Visitor: 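Below is one structure. I have some questions about it.
Not measured: the values here are computed from a predicted model.
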Amino acid sequence: MARKIIIDTDPGQDDAVAILLALASPELALLGITCVAGNVPLSRTAINARIVCELAGRPDVKVFAGCDRPLVRPLVTAEHVHGKTGLDGTDLPDPVMPLQEQHAVDFIIDSCRAHEAVTLVPIGPLTNIATALQRAPDIAAKIDEIVIMGGAYFEVGNITPAAEFNIYVDPEAAQIVFRSGIKLTVMPLDVTHSVLTTRARIDAFRALPGAVGPAVAGWTDFFERFDMAKYGSEGAPLHDPCTVAWLLQPDLFSGRQINVEIETVSELTLGMTVADWWGVTDRPKNAFFVGGCDADGFYALLTERLGRL
């Protein structure tokens with residue numbers, strides 16, 4: 001039986017690739033896509049999610065708009081990385097498929113109550129997920145797992161010296177999720193920075209038949225310029241697809257069950273994922289924190305699946 005998932009997202013080129021990977025994988029039953037403000041404002045993320053669905057030939061996927069700002073803070077966005085649209089690098093038409101009228105948070109709540117087990121895959125700020133848990137605490141028992149792209153430990157921060165972007169945008173929401181008692185798997189920068197694009201990998205996307213591969217190549221061509229300039233790396237990390245790849249091939253990844261706390265008050269380390277990797281505290285272990293990935297295996301999976309669309 002296919003695993004029921006909801007992708008909560010703020011697309012973003014790498015978010016788009018994660019959505020495409022899910023749509024190409026029959027092992028996953030995508031109940032819907034919920035959008036949140038993050039990389040770009042909510043109005044744009046709700047457009048981008050539908051663009052990606054139509055690119056994949058899946059206008060049947062239900063897309064919902066959610067929270068347009070963090071729980072208690074002003075919104076911080078990342079157009080400096082993703083471009084004005086969030087999907088700069090490939091020109092695609094505006095979507096025709098409708099945006100669902102229901103609020104994303106209500107959809108998450110209703111879906112968790114209606115199904116025996118749902119896996120949530122948040123690849124943006126955790127505002128929608130935290131809001132759903134606040135409004136309907138009973139759904140925690142119905143959530144099979146939450147697979148998060150967010151945080152960092154050894155790789156420190158990418159939006160501040162200490163914080164990764166998704167957690168930094170809404171640290172209060174992240175704190176709610178990390179203290180929820182739900183099974184958590186976390187894909188931090190420590191693992192995503194090990195799955196870099198290269199010329200050969202991007203060329204493999206571009207050579208795929210149909211429209212999806214060339215679109216992904218265009219996105220990664222644009223997306224990688226920021227990380228190459230910042231880190232001096234060969235390419236850019238495809239952060240968000242790591243979450244979906246974990247659901248498909250967890251043996252590609254390695255990590256530890258550890259305690260992770262979210263910093264919400266410090267001026268210097270706001271949004272930091274304080275990861276007790278070495279087990280130096282007695283705080284309860286609340287998350288499987290991934291630290292490594294077989295990059296060649298990851299890109300082989302990604303290329304094979306995108307070729308199906």
Visitor: Identify the heavy atoms of P237 and H193 that sit nearest to each other, and give their distance.
Guide: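 Heavy atoms of P237 and H193 come nearest at CG-CD2, 3.5 Å.
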Visitor: For I33, run the side chain to side chain contact (heavy atoms under 4.5 Å, CB included) check against D8, L23, V61 and tell me which one passes.
Guide: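 Only one option passes, and that is V61.
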Visitor: In terms of hydrophobic clustering (I, L, V, M, F, W, Y; side-chain heavy atoms under 4.5 Å; direct or indirect links), are L75 and L126 co-clustered?
Guide: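 Different hydrophobic clusters.
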Visitor: Any side-chain to backbone donor/acceptor pair from N259 onto P284? Under 3.5 Å, distance only.
Guide: yes
Visitor: Give the cluster check for V52 versus M97: same hydrophobic cluster or not, with ILVMFWY residues linked at side-chain heavy-atom distances below 4.5 Å.
Guide: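 The answer is yes; both residues are in one hydrophobic cluster.
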Visitor: Nearest 0.5 Å, what's the CG-CG distance between D296 and L301?
Guide: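 Result: 12.5 Å between the selected atoms.
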Visitor: F107, I47: one ILVMFWY side-chain cluster at the under-4.5 Å cut-off?
Guide: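 In one cluster: no.
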Visitor: Identify whether F288 and I182 are in the same connected component of the hydrophobic contact network (ILVMFWY, side-chain heavy atoms under 4.5 Å).
Guide: no
Visitor: Please assess V118 against D144 for the test side-chain contact (heavy atoms from CB on, under 4.5 Å), listing each intermediate value before the final yes or no.
Guide: CA-CA 5 Å; V118 174; D144 186 54; over 6 Å; no
Visitor: Nearest 0.5 angstrom please: T45 OG1 to D10 CG, how far?
Guide: 6.5 Å
Visitor: Nearest 0.5 Å, please: how far is CG in L196 from CZ in R201?
Guide: 7.5 Å
Visitor: My understanding is that only one of V290, T119, L184 makes a side chain to side chain contact (heavy atoms under 4.5 Å, CB included) with V147; could you say which?
Guide: T119
Visitor: Less than 3.5 Å apart, any donor N or O on the side chain of D15 or Q13 sitting next to an acceptor on the other?
Guide: no
Visitor: Drop me the distance from E155's CD to T192's OG1, to the nearest 0.5 angstrom.
Guide: 7.5 Å
Visitor: Check this for me: K142, atom NZ, are more than 12 non-hydrogen atoms of other residues, nucleotides or ligands nearer than 6.0 Å?
Guide: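 Count over threshold, so yes.
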Visitor: So which heavy atom on C35 is nearest to which on A49, and how close?
Guide: SG-CB, 3.6 Å
Visitor: Under a single-linkage definition using a 4.5 Å side-chain heavy-atom cutoff for Ile, Leu, Val, Met, Phe, Trp and Tyr, are I123 and F253 assigned to the same hydrophobic cluster?
Guide: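 In one cluster with I123: F253, yes.
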Visitor: Taking it one step at a time, do D276 and K285 satisfy salt bridge (Lys or Arg N to Asp or Glu O under 4.0 Å)?
Guide: CA-CA 9 Å; D276 188 10; K285 297 177 179 180; over 6 Å; no
Visitor: What ring pair (Phe, Tyr, Trp, His ring centres under 6.0 Å) pairs are there with at least one residue in residues 263-284, not counting sequence neighbours?
Guide: F154-W277
Visitor: Restricting to non-hydrogen atoms, name the atom on T264 and the atom on R73 that form the minimum distance, rounded to 0.1 Å.
Guide: O-NH2, 3.0 Å
Visitor: When you look at CG of D91, are more than 12 heavy atoms from neighbouring residues, nucleotides or ligands closer to it than 6.0 Å?
Guide: no
Visitor: Going through the distances and angles, do L270 and Y168 end up as a side-chain contact (heavy atoms from CB on, under 4.5 Å)?
Guide: CA-CA 7 Å; L270 179 68; Y168 177 78; 4.0 Å; yes
Visitor: What pair of heavy atoms forms the shortest contact from C67 to T131, and how long is it?
Guide: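 Shortest heavy-atom separation between C67 and T131 comes out as SG-OG1, 3.8 Å.
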Visitor: Starting from the C-alpha separation in whole Å, work towards a yes-or-no answer on side-chain contact (heavy atoms from CB on, under 4.5 Å) for Y299 and T197.
Guide: CA-CA 9 Å; Y299 275 96; T197 58; 3.5 Å; yes
Visitor: One pair to check against salt bridge (Lys or Arg N to Asp or Glu O under 4.0 Å): D170 and R69. What are the steps and the verdict?
Guide: CA-CA 9 Å; D170 199 342; R69 63 183 68 106; over 6 Å; no
Visitor: Report yes or no: does S266 contribute a side-chain atom to a donor-acceptor pair with the main-chain N or O of L268 at less than 3.5 Å?
Guide: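 Yes; at least one donor-acceptor contact below 3.5 Å.
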Visitor: Does the side chain of T85 come under 3.5 Å of the side chain of D88 through a donor N or O and an acceptor N or O?
Guide: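 Their side chains do contain a donor-acceptor pair, which is all the 3.5 Å distance test asks for.
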Visitor: With rounding to the nearest 0.5 angstrom, report the OG1 to CZ distance, T303 to F205.
Guide: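 Reported to 0.5 Å precision, the distance equals 4.5 Å.
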Visitor: Ignoring hydrogens and angles, state whether a donor on the side chain of N39 or H82 is under 3.5 Å from an acceptor on the partner side chain.
Guide: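 Side chains of N39 and H82: pair found under 3.5 Å.
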Visitor: Evaluate side-chain contact (heavy atoms from CB on, under 4.5 Å) for F64 paired with H103, printing each intermediate quantity in order.
Guide: CA-CA 6 Å; F64 303 81; H103 193 281; over 6 Å; no
Visitor: First locate atom CG of L21, then atom OG1 of T243, and finally report the distance between them rounded to the nearest 0.5 Å.
Guide: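 L21 atom CG to T243 atom OG1 measures 8.0 Å (nearest 0.5 Å).
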Visitor: I need the minimum non-hydrogen distance between I19 and P11, along with the two atoms involved.
Guide: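 Result for this residue pair: CD1-CG, 4.3 Å.
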Visitor: Given E261 and R179, is the salt bridge (Lys or Arg N to Asp or Glu O under 4.0 Å) satisfied, shown in steps?
Guide: CA-CA 8 Å; E261 301 289 343; R179 292 183 176 179; 3.5 Å; yes
Visitor: Can you name the residues that form a salt bridge (charged side-chain N to carboxylate O under 4.0 Å, His left out) with R44, not counting sequence neighbours?
Guide: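 R44 satisfies salt bridge (charged side-chain N to carboxylate O under 4.0 Å, His left out) with no residue once adjacent residues are dropped.
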Visitor: Whether D106 and R135 form a salt bridge (side-chain N of Lys/Arg under 4.0 Å from carboxylate O of Asp/Glu) is what I want to check.
Guide: yes
Visitor: If I compare all heavy atoms of C242 with all of V195, which pair ends up nearest, and what's the gap?
Guide: SG-CG2, 3.8 Å
